[in-house]
Amino acid sequence: MLDPVIALFPNLQQQRLRRWRQRLLHPGWPALLRRTTPLSTEWGFDRGTPIDRYYIEHFLATHQQDIQGRVLEVKDNSYALRYGHAVTQSDVVDIDPANPHATLIADLSAADAIAADQFDCFVLTQTLQLIYDVQAVVAHAHRILRPGGVLLVTVPCISRIVPRYGLQTDYWRFTPASCMRLFGQVFGAQQISVCSYGNVLSSMAFLNGMASEELSRHELETRDDYFPVIIAVRAIKQE
């Protein structure tokens with residue numbers, strides 16, 4: 001009979017398999033959530049794949065046909081490289097001029113220096129919560145897309161405050177309703193689709209710093225719109 005842990009994670013090395021087996025199959029693992037400090041202070045990166053990253057990658061994989069032509073991404077172009085389909089040019093925007101990956105230096109809420117109608121796709125993941133004027137960001141995102149261009153966005157609904165400077169610069173958490181209104185006002189209600197990823201278990205696990213490998217696929221992929229971890233938006237600029 002196939003080991004259920006190996007079935008879930010066939011590519012893990014044996015040492016890691018033993019660790020995941022102990023965590024997954026131990027009947028008392030939910031008791032790990034009964035604590036006042038998280039298991040990880042790095043969203044679970046030190047334990048495996050963060051739960052929000054699992055959902056982000058699922059969303060981008062679902063819409064990878066949109067990641068084509070000239071693509072813009074924030075801080076680096078890892079998602080364009082991983083999920084891009086027929087990408088002709090990959091640009092990176094950052095507010096930090098010291099970023100060696102950046103091809104464009106701009107504050108996304110004051111991005112007038114970026115010419116209009118430039119990009120076929122803008123991948124904007126887990127960024128809006130760190131910018132106070134989110135309405136300006138959405139307006140600029142719409143402006144710099146070419147007609148027919150696609151904006152792929154993810155935002156947190158539930159997450160720890162960003163470490164270090166987060167108490168001063170981590171401004172927002174979002175809901176499906178706020179995303180429908182925020183993006184619909186700029187792109188048009190008929191041009192957007194909004195979905196949520198997560199449930200009460202994956203939300204609790206994410207806040208506690210558990211990794212996605214410590215939950216089963218069923219536990220991760222069950223969706224409850226009342227307990228999302230992230231919200232994902234696909235918005236198309238009207239032609």
Side-chain angles (χ1 to χ4, degrees), residues 8-11 43 45 48-95 99-106 108 111 114-129 131 137-157 174 176 179-180 182-184 186-198 212-213 217 220-221 223 228-239:
L8 280 172
F9 311 114
N11 298 320
W43 294 283
F45 272 110
T49 305
I51 289 169
D52 68 338
R53 183 66 58 89
Y54 177 92
Y55 293 135
I56 293 163
E57 294 176 357
H58 187 281
F59 170 67
L60 294 178
T62 300
H63 297 290
Q64 64 185 110
Q65 75 280 356
D66 294 325
I67 307 174
Q68 53 84 33
R70 189 177 182 189
V71 178
L72 181 64
E73 198 168 341
V74 177
K75 285 195 175 292
D76 62 54
N77 64 346
S78 57
Y79 284 143
L81 293 175
R82 182 172 178 182
Y83 296 105
H85 171 72
V87 174
T88 58
Q89 183 173 334
S90 178
D91 285 285
V92 173
V93 62
D94 197 349
I95 197 171
N99 181 354
H101 303 290
T103 59
L104 297 168
I105 304 301
L108 288 175
I114 303 177
D117 303 325
Q118 292 293 304
F119 300 97
D120 298 291
C121 182
F122 185 2
V123 179
L124 184 62
T125 58
Q126 307 302 95
T127 301
L128 285 182
Q129 74 272 20
I131 303 175
V137 178
V138 176
H140 279 294
H142 178 270
R143 182 182 61 81
I144 66 178
L145 283 171
R146 291 171 178 158
V150 179
L151 176 65
L152 298 175
V153 181
T154 66
V155 291
C157 182
F174 297 82
C179 287
M180 285 189 286
L182 177 63
F183 291 92
V186 177
F187 283 82
Q190 302 304 314
Q191 299 297 112
I192 68 167
S193 59
V194 177
C195 64
S196 62
Y197 292 86
S212 60
E213 289 87 352
R217 181 172 296 178
L220 285 166
E221 296 185 359
R223 296 191 189 184
V229 175
I230 70 165
I231 312 299
V233 181
R234 179 178 183 262
I236 305 172
K237 184 173 179 177
Q238 194 163 16
E239 298 188 49

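Hydrogens, waters and symmetry mates play no part in the numbers below; they use all other heavy atoms, side chains included. Bear in mind the structure is a predicted one, so any value in this text is a computation, not a measurement. All residue numbers in this chain count up from 1 along the given sequence.
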Decide yes or no for [X] and [Y]: does some side-chain heavy atom of the first lie under 4.5 Å from some side-chain heavy atom of the second?
X      : Y      : answer
Leu145 : Phe187 : yes
Tyr83  : Val123 : no
Val150 : Arg234 : yes
Tyr197 : Val229 : no
Asp52  : Pro156 : no
Thr125 : Val74  : no

Under 3.5 Å donor-acceptor, [X] side chain and [Y] backbone:
X      : Y      : value
Lys237 : His142 : yes
Glu73  : Val92  : no
Thr154 : Ala232 : no

Using 0.5 Å steps for rounding, measure from the [atom1] atom of [X] to the [atom2] atom of [Y].
X      : Y      : atom1 : atom2 : answer
Tyr79  : Leu152 : OH    : CG    : 12.0 Å
Tyr54  : Glu221 : OH    : CD    : 3.5 Å
Gln118 : Arg143 : CD    : CZ    : 9.5 Å
Leu151 : Leu124 : CG    : CG    : 6.0 Å
Ile144 : Ile114 : CD1   : CD1   : 4.5 Å
Cys121 : Arg70  : SG    : CZ    : 13.0 Å

For the student: nearest non-hydrogen atoms of [X] and [Y], plus distance:
X      : Y      : result
Gly148 : Ile236 : O-CG2, 3.9 Å
Gln68  : Gln65  : CG-O, 3.4 Å
Leu128 : Phe183 : CD1-CZ, 3.7 Å
Arg82  : Glu57  : NH1-OE2, 3.1 Å
Arg223 : Cys195 : NH1-CB, 4.2 Å
Cys179 : Val233 : CB-CG2, 3.9 Å

| Name of the residue among Leu108, Val153, Asp91, Val71 meeting side-chain contact (heavy atoms from CB on, under 4.5 Å) with Phe122 |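 The option that passes is Leu108.
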| What residues, two or more places apart in sequence or in another chain, satisfy ring pair (Phe, Tyr, Trp, His ring centres under 6.0 Å) together with His63? |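 Partners of His63 by the ring pair (Phe, Tyr, Trp, His ring centres under 6.0 Å) criterion, ordered by chain and then number, come out as Phe59.
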| request: State which residues pass ring pair (Phe, Tyr, Trp, His ring centres under 6.0 Å) with His85; sequence neighbours excluded, sorted by chain then number. | output: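 Residues passing ring pair (Phe, Tyr, Trp, His ring centres under 6.0 Å) with His85: none at all.
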| task | Output all residues satisfying side chain to side chain donor-acceptor pair (under 3.5 Å) with Thr127, sequence neighbours left out; order by chain, then residue number. | result |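 Thr127: no side chain to side chain donor-acceptor pair (under 3.5 Å) contacts found.
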| Are the charged groups of Lys75 and Asp94 less than 4.0 angstrom apart, N to O? |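 Counted as a salt bridge, because a side-chain N and a carboxylate O are separated by less than 4.0 Å.
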| field | Donor + acceptor pair across side chains of Thr49, Glu213 (<3.5 Å) | value |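 A donor-acceptor contact under 3.5 Å links the two side chains.
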